[in-house]
Amino acid sequence: MIKTIIKSPKIRFNCLLLPKNNKMVFKYDVLVIGGGHAGCEAACAAANMGASTCLITMDMNKIGQMSCNPAVGGIAKGQIVREIDALGGQMAKVTDATAIQFRMLNKGKGPAVWSPRAQCDRGKFIWQWRTVLDNTDHLDIWQDQAEELLVENGEAVGVKTIWGVEFRAKSIIITAGTFLNGLMHIGRHKYEGGRCAEPAVHHLTESITRWGVRSARMKTGTPVRLDKRSIHFEELEEQPGDSDFHQFSFMAPHRLLKQLPCWTCYTNKECHEVLRSGLADSPLYNGQIQSTGPRYCPSIETKLTTFPDKDQHPLFIEPEGEDTNETYLNGFSSSMPIDIQLAAIHKIPALRDAKVYRPGYAIEYDYFDPTQLNHSLESKIIRGLFFAGQVNGTTGYEEAGGQGIVAGINAAIRCSGGSPLVMKRDESYIGVLIDDLTTCGVDEPYRMFTSRAEYRILLRQDDADTRLTPISYRLGLAKRDRYDWWKEKEEGILALMDFCQNTSVKPSEINGILESLSSTPLRMGCKLSDLISRPELNFKNLAEHLPELKAVLQKPSNRKEEIAEAAEIAMKYKGYIEREKLVAEKMHRLENIKIKGRFDYSKLHEISTEGRQKLAKIDPDTLGQASRIPGVSPSDINVMLILLGR
């Protein structure tokens, strides 16, 4: 065997040349299969933790491709992106660098559900990700297609590619998105592919399932893309973005690209009639597609059949970039025949002359049962094999990125023999996501919502760095600059809260503004923090009448708005936050009771039959996880507590 050292600008890795068949074998610590949102985050995380890492992708020019809407964030999804950023990930920075519109959603509600969202320049997003990857130490990219998983003694040890190259590694992460046996549908036409104009991946699923990993099929879809020169924008309602300080990353520059509006319109009865005329040829309704699609992002034909009494559905026309005429017709996902799609669109007045770049289509693909994963996202069946992204039954770039960074962290940790990172439900939306997947599994594409989190007042978008940056810094992923950035913010928040808690306000100073805001006047002096707790009061309207507060808020700082918002939320919702922390601490008692390997569930006849079956299938790590398994009742948990002598 000849041992050769191949040099790259960043790292040195071993390439073994086997004399018998002249086959090259590349050796790494971590292999990441797939260059989508999960794969990019996983590769960066593993490499930034010091693991020699290789990202294998089919097309280096489509890394981080936004296969559907070129937008990041949304309800609960935006919180996930801020958590990725707090952990030292890249999605938020890439988004801010390429955003052409930013909005903070749900500002009319409480801060627990405020959610950032950005429309991005699709092309610049790809190249920004490519720039990040190209400049990440310990990370190499190989353009190829993984075809076979190599397993030895129950452990994943490498992959073979379609070009006959073999890669060996201590940890392998599968992030193949919709490419595994992908099948696209438009009307009665179907064609193999991972997405439009890109090939499907064959054999990799089978090389994994032969070892006992269960797979199934899911479906997703995307709408038509329109030429903006053919749209009558004067007949649309413009939807501008925000112009305040908010953005995704806690550290990125602010608003680098030209900010563009989106527009809204509606379908109508004539549009619906055209769509109904084509249902017989719709693959969703003629039996051509058997798999389950996303409940919360339905196709336009599904909307018609689910809500037959509705005469219109909202549509959003969103730009795909600064320098392109391509626009995205959000709300019109479809796999109807091409002629039906075009005819229906032309019934919408503002789109009567619309030209289409490409039709909408549906795609079916393989995913793997996520209940076969540990909370680290490592397989329970094949050691050293991690899964992240849509292969775990999720939908959305953000859910994929959240899984990707956790898989990358734990794949790197596994190389050095440390304890995996397991994120808790009261710690992050990413923790909620992974616990839901591994505990409950999926029967449809999983999408995150704020309602899925029982501790959402603790999981706000404004405090993701407070929750997660210290953890990431201890792991070695968040670097010193990010840690110092967080400490500066924390000190600013504490200083502002301390000022409010120690500053008294007299009735004569404030009663005028209180009466104008329909707030109860003061009879005696009180602390400024007590005033801030009133829902109708905030720093902005109080600072206009309290010069001392105004001076503190205007102290020079490039982060004063962010600090002021976080401090105000912490004071205004202090009671709710403390109550939720108490509830979470009680739940931790069950989370601390380890039960894996302590019961033979088939012989546990003291609990229900369904409980036995579900517990045997999931094999939970803790009693807390067991309590969240559908079909396991509170009485089953009490029985297990008694048997444990608790």
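The basis for the numbers below is simple: all heavy atoms, side chains too, and nothing from hydrogens, waters or symmetry mates. Please read these numbers as outputs of a predicted model, since none were measured by experiment.
A donor-acceptor contact shorter than 3.5 Å is absent between the side chain of Glu238 and the backbone of Cys262. Judged by distance alone, with hydrogens and angles left aside, the side-chain atoms of Asn410 form no donor-acceptor pair with the main-chain N or O of Ala407 at under 3.5 Å. At least one donor-acceptor pair under 3.5 Å links the side chain of Gln259 to the backbone N or O of Ala99. The backbone N or O of His313 lies less than 3.5 Å from a partner atom in the side chain of Thr267, making a donor-acceptor pair. With hydrogens and angles disregarded, no donor-acceptor distance shorter than 3.5 Å links the side chain of Thr324 to the backbone of Glu320. Side chain of Gln79 to backbone of Ala76: a donor-acceptor contact under 3.5 angstrom is found. Although no hydrogens or angles enter the test, the distance criterion places no donor-acceptor pair under 3.5 Å between the side chain of Asp465 and the main chain of Trp486. Checking side-chain atoms of Ser533 against main-chain N and O of Asp530 turns up a donor-acceptor pair under 3.5 Å. Between the side chain of Lys614 and the backbone N or O of Pro630, at least one donor-acceptor pair lies under 3.5 Å. In this structure a side-chain-to-backbone donor-acceptor pair under 3.5 Å is present from Asp244 to His246.
The neighbour count for Tyr266 OH, taken as heavy atoms of other residues, nucleotides or ligands under 6.0 Å away, does not exceed 12. A 6.0 Å sphere centred on NZ of Lys540 holds no more than 12 heavy atoms belonging to other residues, nucleotides or ligands. Heavy atoms from other residues, nucleotides or ligands lying under 6.0 Å from NZ of Lys424 number 12 at most. Counting heavy atoms of neighbouring residues, nucleotides and ligands inside a 6.0 Å radius, atom CD of Glu237 does not exceed 12 of them. In the displayed structure, Lys487 atom NZ is contacted under 6.0 Å by more than 12 heavy atoms of other residues, nucleotides or ligands. Residue-environment remark: NZ (Lys555) stays at or below the threshold of 12 foreign heavy atoms within 6.0 Å. Around CZ of Phe307, the count of heavy atoms belonging to other residues, nucleotides or ligands within 6.0 Å does not exceed 12.
Residues Ser627 and Pro634 are not in side-chain contact: their nearest non-hydrogen atoms beyond the backbone lie 4.5 Å or more apart. You'll find the side chain of Thr503 stays beyond 4.5 Å of the side chain of Leu549, heavy atoms only. Between Val432 and Tyr455, the closest side-chain pair of non-hydrogen atoms is not below 4.5 Å. Contact check for Asp121 versus Leu257: side-chain heavy atoms found under the 4.5 Å cut-off. Between Thr371 and Thr438, the closest side-chain pair of non-hydrogen atoms is not below 4.5 Å. By the 4.5 Å heavy-atom criterion applied to side chains, Glu427 and Ile471 are counted as neighbours. The shortest side-chain heavy-atom distance between Leu437 and Val442 falls under the 4.5 Å cut-off. In this structure, the side chains of Arg467 and Leu459 come closer than 4.5 Å at one or more pairs of heavy atoms.
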Run Val94 and Val132 through side chain to side chain contact (heavy atoms under 4.5 Å, CB included) and show every step you take. CA-CA 8 Å; Val94 172; Val132 169; 4.1 Å; yes
Check the pair Thr622 / Lys594 against side chain to side chain contact (heavy atoms under 4.5 Å, CB included), numbers first and verdict last. CA-CA 4 Å; Thr622 69; Lys594 304 294 184 182; 3.9 Å; yes
Yes or no on side chain to side chain contact (heavy atoms under 4.5 Å, CB included) for Ile430 and Met423, after CA distance, side-chain angles and deciding distance? CA-CA 7 Å; Ile430 297 174; Met423 305 192 78; 3.8 Å; yes
Could you give me the CA-CA distance, side-chain angles and deciding distance for Met49 and Ile413, then say whether side chain to side chain contact (heavy atoms under 4.5 Å, CB included) is met? CA-CA 8 Å; Met49 290 180 68; Ile413 290 174; 3.8 Å; yes
Evaluate the side chain to side chain donor-acceptor pair (under 3.5 Å) criterion for residues Asn538 and Glu568: first the C-alpha distance (whole Å), next the side-chain angles of each, then the deciding distance (0.1 Å), finally the verdict. CA-CA 7 Å; Asn538 53 52; Glu568 183 176 313; 5.0 Å; no
Could you walk me through whether Asp462 and Arg460 pass salt bridge (charged side-chain N to carboxylate O under 4.0 Å, His left out), step by step? CA-CA 5 Å; Asp462 67 276; Arg460 306 181 311 277; 2.8 Å; yes
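Checking Lys77 against Ser115 by side-chain atom types alone, no donor-acceptor pair falls below 3.5 Å. For Gln128 and Thr98, the side-chain atoms include no donor-acceptor pair closer than 3.5 Å. No hydrogens or angles considered: a donor-acceptor pair under 3.5 Å links the side chains of Ser519 and Arg534. No hydrogens or angles considered: a donor-acceptor pair under 3.5 Å links the side chains of Tyr473 and Arg480. Judged by distance alone, the side chains of Ser249 and Asp85 do bring a donor and an acceptor atom under 3.5 Å apart. Between the side chains of Ser529 and Gln501, not a single donor N or O lies within less than 3.5 Å of an accepting N or O. Side-chain N/O atoms of Asn638 and Ser635 include no donor and acceptor closer than 3.5 Å. For the residue pair His37/Glu398, the side-chain donor-acceptor check at 3.5 Å is not satisfied. When only modelled atom types and interatomic distance are considered, Asp435 and Thr439 share a side-chain donor-acceptor pair under 3.5 Å.
Between Gly293 and Pro445 the shortest heavy-atom distance is O-CD, 3.3 Å. Smallest separation of non-hydrogen atoms from Asp96 and Pro253: CB-O, 4.2 Å. Residues Leu537 and Leu531 come closest through the heavy atom pair CD1-O, 3.4 Å. Pairing each heavy atom of Thr469 with each of Ala86, the nearest pair is OG1-O, 2.9 Å. Nearest approach of Pro111 to Ile569, heavy atoms of both residues: CB-CD1, 3.7 Å. Summarising the geometry of Gly241 relative to Arg103, their closest heavy-atom pair is CA-CG, 3.9 Å, with the distance given to 0.1 Å.
For Phe233 and Trp263, the gap between ring centers is short of 6.0 Å.
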For residues 577-587, dump all side-chain donor-acceptor pairs below 3.5 Å to protein atoms at least two apart in sequence or in another chain.
residue : atom : partner : partner atom : Å
Glu580  : OE1  : Arg456  : N            : 3.4
Glu580  : OE1  : Ile457  : N            : 2.9
Glu580  : OE1  : Leu458  : N            : 3.2

Under 3.5 Å donor-acceptor pairs involving side-chain atoms of residues 67-75, not counting sequence neighbours:
residue : atom : partner : partner atom : Å
Ser67   : OG   : Arg195  : NH1          : 2.9
Asn69   : OD1  : Gln119  : NE2          : 3.3
Asn69   : ND2  : Glu318  : OE1          : 2.9

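Taking the charged nitrogens against the carboxylate oxygens, Lys124 and Glu322 do have a contact shorter than 4.0 Å, which makes a salt bridge. Using a 4.0 Å cut-off between charged side-chain N and carboxylate O, Glu509 and Lys506 make no salt bridge. The pair Arg425-Glu454 meets the salt-bridge criterion, with a side-chain N (NZ, NE, NH1 or NH2) lying under 4.0 Å from an Asp/Glu carboxylate O.
Screening residues 85-120 for ring-ring contact (aromatic ring centres under 6.0 Å, His included) gives Phe102-Phe248 as the qualifying pairs, with residues at least two apart or on separate chains.
Taking CG of Leu87 as the start and OG of Ser472 as the end, the distance is 5.0 Å to the nearest 0.5 Å.
In this structure, Arg295 is not positioned above the aromatic face of Tyr446 in the sense of NZ or CZ being under 6.0 Å from the six-membered ring centre and within 45° of the axis.
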